[in-house]
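Take a look at the structure set out below.
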Amino acid sequence: MLNFTLQRIGKAFVVIVGVIILNFLLIKLAPGDPAAILAGEAGSGDPQFVENLRRQFGLDQPVPVQLWNYLSGVLTGDLGFSYRNQVPVLDLILQRLPATLLLTGAAFVFSLATGMLFGVLAARHRGTVLDSMITTLALIFYATPLFWIALMSVLLFSINLGWLPPFDMETIGAGYTGWRRVLDIAHHLILPTVTLGLFYTAIYTRLTRASMLEVMGLDFVKTARAKGVPGQRIIRRHVLRNAVLPVFTFASMQAGQLVGGAILTETVFAWPGIGRLMFDALMQRDYPVLLGVFLITAIVVVVVNFITDLLYRVVDPRIGIS
Amino acid sequence: MHNTIRDVAYKGEISMRKVVTRLVTAAFLGCAFVTGAAVAQDSATPAAITKGGTLNLIVQPEPPMLIVGLNTQGPTLYVAGQIYQSLLTYDKDLKPLPQLAKSWEVSPDGLTYTFKLQDGVKWHDGKPFTANDVVFAATEFLVNAHPRWRLIREAYVESVTAPDDLTVVFKLKKPFSAFLYGFELSSFPIMPAHIYKGTDYRTNPANATPVGTGPYKLKEWRRGSFVHLVRNEDYWKKDQPYIDDLYFRVIPDAASRAIAFEQGTVDMLRGGDVEGFTINSLSSQPGIQTTTAGWEYFSPQMFLQPNLRLEVFKNKNVRKAMYHALDRDFIVNAIFFGQGKPSTGPFAESMLFHDPNIQQYPFDMDLAKKLIAESGVDLSKHPIRLLGLPYGSSWDRLTEYVKQQLEELGFVVSIQAVDAGGWLQSIGKFDFDLAFSFLYQFGHPAQGVSRIYYSDNQVQGTHAGNNGGFENAEVDALFRKAADALTDAEAAAAYTKVQQVLAEEVPILWIFDMKNTTIYRDKVKNPVRTAIGLNEPMDDVWLSKK
């Protein structure tokens, strides 16, 4: 176990350093640089102004030197300084990370819970109207683009019905505190969570249903039934337990996107998360911020994968570590 | 020769130059007297003004910082315009108005500008604002950190001194007719010397908490959500500002911004906040006001820039033919939903010295084809790349339309799709054939217009120089003469002539003057009062209770 962990940490380190170097070089391929963009936005015609900015940002140095500066900074825990915002990158990311984690975490729980529930229901009532309804809906949500669902749900629930706020994370200027604020945020959380989660709900539904049906036909289920085990218990302990593995695999993929996977949703719902930070940074060529977000994303993916590998053993004890 | 021209121009102007108060500057515009009344406040008398309330606004995109001395992009100016101020501002006819400068004098030789500052102005941290802050901005802060001031200072400014706490004197090396036009917020933001002197401006920790002289102070900035400004109780205008809280909300999606306005979450939309087609549907609703005023100082103009280093564009008839091939009424009305006005030449219509009586190039495809035939150029042998502006769907449609028109003329056109960084790089390195570009004209041709025509201003690394490679000695001389002019008649004569020459040369295809619409609810009173529009401190803006 210790060996396994050490080995994985070593590999993770190599992967992350590789990601940093690759990202760094890829970003440099994009035309334009932050100094030119800042000057462009200011309507500047002074080339010396642009040169000053480049020097201050360290962009006048050769690329390998810039890369080395960045890498050595990251290894000592310094993610650099945002050219544009004049704020340390880590501060920017930490300010925005909680909002994203709240949203993606809520969407993760939402889609896993509803997906498995619908999947089990559909499998248990195979061939009935309920089954057709669930599978049809799942197919629709699987096939519909995220932004369209977002716009339509804003149109219906915010504008026509007026039930849910169309954007923002909380009521700005209301000054709520304590539980009132929690409720307010929860109210604002509903639309983006459902929008972001529906796609995975559809996937979990279909996976759970298919996997359940497969397991339901196996001999040990028949044996359990012949033994007289109650139907509920068979589904829960015998079927679901054995059918959950593919769902678990997919859930680990969704978990890997906890940080970077909500750009569209954050944009439509004005959610102050990290996806928007990344998008803005890309447009403005704010390299350190972009690299910082990529780095955090890569770390989350690596960590989630590691945890997944460990949890596989819990979910299915037949799986060995080595 | 220089002297004779000046002497002639003097005959009409010299008596006026004797009295050198700010009225002189006003007179210089000729029409300023007539329309001066329009600058005054809303029809409401002061008694009708109600105090208090919260004004909800949108800032789009979110500014990177609020230190306007370090960042002068549009959204920064919009928010920080409530926090920081400059010496002057300008009315809608571009006549200078007092801000932190109470009055000013220009010496008869045009070389000494003396500004008297307002009494009792305090920075937000309680320290007094003095002439030293202005000197610091002019000689240190802005020289290092501002995108335009350094050029003006190096070319024209001999010294900046503070004889006393409320007087600043700028001595020039030579007259500069545009000098008084470079003192609004985006051109000359005044930063507190007691905070920045002797520090590295960009990394100064005080950048997180802006300290200005304006009517509002920063209360909270939650990145990605909103900027909250509150009333400055010690503002130097007595009993002002009227509104208690300003919220600038960050809503990244254009459709969501339209919803926010429709639902009353925000009270005002700045130009560019929503798409052109949304403006028309929003403004037709009851209780909504719109105005395109408040952009006169910037007078943004959109143009098509041929790279004159290419053989095909060196032919004047080809350029004229291209200009005739574009239906600019169609561009404005069908593609930009009426948010603009076809340009009549190199100076935007709302600019000083604009002269509409120059050669025009109306849409005429037959004439265009005839000009191409006369030029003897085989266009199909010169495939060109068309570089679009990455600002959304209207701009994409514009690029497609121009491609279509030019292909009808016989060009072979391919569209280059880029984002903002890519566009800047192509323009800045002169690596383009035909590019869409735009120009902020900054109140005076000598500040905002001449820079894209001067033969010696072909400098790589910026988009706002002479990127097309136009070289014409007469144009250079005329622009120089106008900039050095001591009287406005002299400048006007040179500017009229230069517009005529440029209209004949067509180094650039001036497409349209961009109009930005401000949309606001009835309850917002007085939002746009000057030529810098919503960048103006909102100390005269109030909310009616009805």
What part of [X] gets within 4.5 angstrom of chain B, counting heavy atoms only: side chain, backbone, both, or neither?
X	answer
A:E266	backbone
A:L277	neither
A:F81	side chain

Heavy-atom distances under 4.5 Å only: say whether B:I251 touches chain A with side chain, backbone, both or neither. both
Please classify the contact of B:N144 with chain A as side chain, backbone, both or neither, using a heavy-atom distance under 4.5 Å. backbone
Side-chain donor/acceptor of A:T267 to backbone N/O of B:D253, under 3.5 Å: no
Output yes when a side-chain donor or acceptor of B:R202 lies under 3.5 Å from a complementary backbone atom of A:Q56, and no otherwise. no
Within a radius of less than 6.0 Å around NZ of A:K28, do more than 12 heavy atoms belonging to other residues, nucleotides or ligands occur? yes
Flag if over 12 foreign heavy atoms under 6.0 Å of CZ, A:F24: yes
Among B:G74, B:P63, B:A420, B:A260, residue most engaged with chain A (heavy-atom pairs, under 4.5 Å): B:A260
Among B:H228, B:Q460, B:H146, which residue forms the greatest number of heavy-atom pairs with chain A at distances under 4.5 Å? B:H146
Minimal non-hydrogen separation, [X] against [Y], with atom names:
X	Y	answer
A:I172	B:S225	CD1-O, 4.0 Å
A:R84	B:M65	O-CE, 3.3 Å
A:F167	B:R249	CE1-NH2, 4.2 Å
B:Y247	A:G173	OH-CA, 3.2 Å

Could you tell me whether the side chain of A:P166 reaches within less than 4.5 Å of the side chain of B:Q263, counting heavy atoms only? yes
Will you find, in the side chains of A:R285 and B:Q425, an N or O donor that is under 3.5 Å from an N or O acceptor? no
Against chain B, work out which of A:R96, A:M283, A:Q95 has the most heavy-atom pairs shorter than 4.5 Å and name it. A:R96
Top contributor to chain B interface from A:Q86, A:M169, A:Q284 [non-hydrogen pairs under 4.5 Å]: A:Q86
Separation between [atom1] of [X] and [atom2] of [Y], rounded to the nearest 0.5 Å:
X	Y	atom1	atom2	result
B:E262	A:I159	CD	CD1	6.5 Å
A:L53	B:L70	CG	CG	9.5 Å
B:R150	A:N52	CZ	CG	7.5 Å

